[in-house]
Amino acid sequence: SKVPVYTEERIVFADDHEEILDSVRTPIFDASGTTLVGQLGYSRNVTARVAIENTLRQTQIELEQAVNTANRANEHKGEFLARMSHEIRTPMNAIIGLTNIVLKRLEEPSDQGGDRDEITGHVRQIESSSQHLLGLLNDILDISKIEAGKIELSEETV
């Protein structure tokens, strides 16, 4: 072939160290151009460049993995928030609705209803819904503290 050959080669030297050489070899022909009489070659050491390229490639892979992990975490947070908003809305609606019922019953003249046992039952339901809501909010705050690194979890048998 009459075209130059370009190669990147790993060379192991007598002292066992390796270098990576970027080489160009050009064939040399006689005056007629038909007989190969030699080869002219040039090599340069690209070991440092290859090491930097490998490091950059590895860093890029690690960054892509970090982005994927962050995206998955955001998806999970979105799912969590959607579930929590529903979980919070349910006891809040119960609290608001039962509070309105109790207020209306209390405003009624005593001879028309305003049954004390009924009102007491509604107030207990309000208390129960409030306790459930408070538990949910505490769980959300605990998760936020864990994410912020303010709480350390330890595995224990219970």
Side-chain angles (χ1 to χ4, degrees), residues 1-103 122-158:
S1 173
K2 294 185 176 188
V3 296
V5 176
Y6 298 89
T7 60
E8 190 173 282
E9 306 171 68
R10 269 185 204 282
I11 306 293
V12 180
F13 291 85
D15 65 357
D16 276 343
H17 85 278
E18 276 187 20
E19 300 286 340
I20 300 171
L21 302 178
D22 191 12
S23 302
V24 178
R25 292 183 187 92
T26 305
I28 300 174
F29 293 91
D30 64 4
S32 68
T34 57
T35 306
L36 181 65
V37 292
Q39 188 177 50
L40 175 64
Y42 170 80
S43 295
R44 66 186 172 133
N45 187 340
V46 293
T47 305
R49 187 202 74 212
V50 170
I52 291 169
E53 287 172 353
N54 289 338
T55 301
L56 287 173
R57 226 175 274 121
Q58 184 60 38
T59 301
Q60 182 179 5
I61 290 169
E62 290 169 3
L63 287 173
E64 287 172 359
Q65 289 171 342
V67 166
N68 289 337
T69 300
N71 286 340
R72 281 193 306 275
N74 281 335
E75 288 172 12
H76 290 303
K77 279 185 182 181
E79 292 170 12
F80 173 78
L81 289 174
R83 263 189 247 124
M84 278 296 120
S85 63
H86 174 73
E87 292 291 326
I88 290 170
R89 193 177 299 129
T90 301
M92 278 304 294
N93 284 334
I95 292 167
I96 292 167
L98 289 169
T99 301
N100 287 334
I101 290 171
V102 168
L103 287 173
H122 290 318
V123 170
R124 284 198 175 114
Q125 288 176 328
I126 291 170
E127 180 187 23
S128 173
S129 292
S130 297
Q131 290 298 328
H132 180 66
L133 182 59
L134 181 61
L136 288 171
L137 293 173
N138 283 335
D139 290 346
I140 292 169
L141 289 173
D142 287 346
I143 289 171
S144 295
K145 287 178 185 176
I146 291 168
E147 285 183 342
K150 294 182 180 179
I151 290 180
E152 288 187 26
L153 300 178
S154 63
E155 285 189 37
E156 295 179 13
T157 304
V158 291

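The two atoms that bring T99 and I95 nearest to each other are OG1-O, 2.5 Å, heavy atoms only. The two atoms that bring H132 and P91 nearest to each other are CD2-CG, 3.7 Å, heavy atoms only. Considering all non-hydrogen atoms of both residues, V37 and F29 come closest at CG2-C, 3.8 Å. Smallest separation of non-hydrogen atoms from T47 and E19: OG1-OE1, 2.9 Å. Of all heavy-atom pairs spanning L36 and G38, the tightest one is CD1-O, 3.2 Å. Closest heavy-atom contact between L21 and V46: C-CG2, 4.2 Å.
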Q: For M84 and D139, run side-chain contact (heavy atoms from CB on, under 4.5 Å): C-alpha distance rounded to whole Å, both residues' side-chain angles, the deciding distance at 0.1 Å, then the answer.
A: CA-CA 10 Å; M84 278 296 120; D139 290 346; over 6 Å; no

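Rounding to the nearest 0.5 angstrom, the gap separating the CD atom in E127 from the CG atom in L98 is 12.5 Å. Note that the CE atom of M92 and the OG atom of S129 stand 10.0 Å from one another [nearest 0.5 Å]. Separating the CG atom in L133 from the CG atom in N138 is a distance of 9.5 Å, to the nearest 0.5 Å. Atom CG in N68 sits 6.0 Å away from atom CZ in R72 (nearest 0.5 Å). Rounding to the nearest 0.5 Å places OG of S23 at 10.0 Å from CG of N45. In this structure, CG on N71 lies 11.0 Å from NE2 on H76, to the nearest 0.5 angstrom.
Side-chain atoms of Q60 and L63, non-hydrogen and from C-beta on, never get closer than 4.5 Å to each other. In this structure, S130 and L134 have side chains that are not in contact, with every pair of non-hydrogen atoms separated by 4.5 Å or more. Counting heavy atoms from C-beta outward, R83 and H86 have side chains that stay 4.5 Å or more apart. Counting heavy atoms from C-beta outward, D22 and R49 have side chains that approach closer than 4.5 Å.
T90 contributes no side-chain N or O that, together with a main-chain N or O of E87, makes up a donor-acceptor pair within less than 3.5 Å. Judged by distance alone, the side chain of T26 and the main-chain N or O of P4 form no donor-acceptor pair under 3.5 Å.
Within a 6.0 Å radius of CZ in R124, other residues, nucleotides and ligands contribute 12 heavy atoms or fewer. Environment of NE2 in H17: crowded, with over 12 heavy atoms of neighbouring residues, nucleotides or ligands closer than 6.0 Å.
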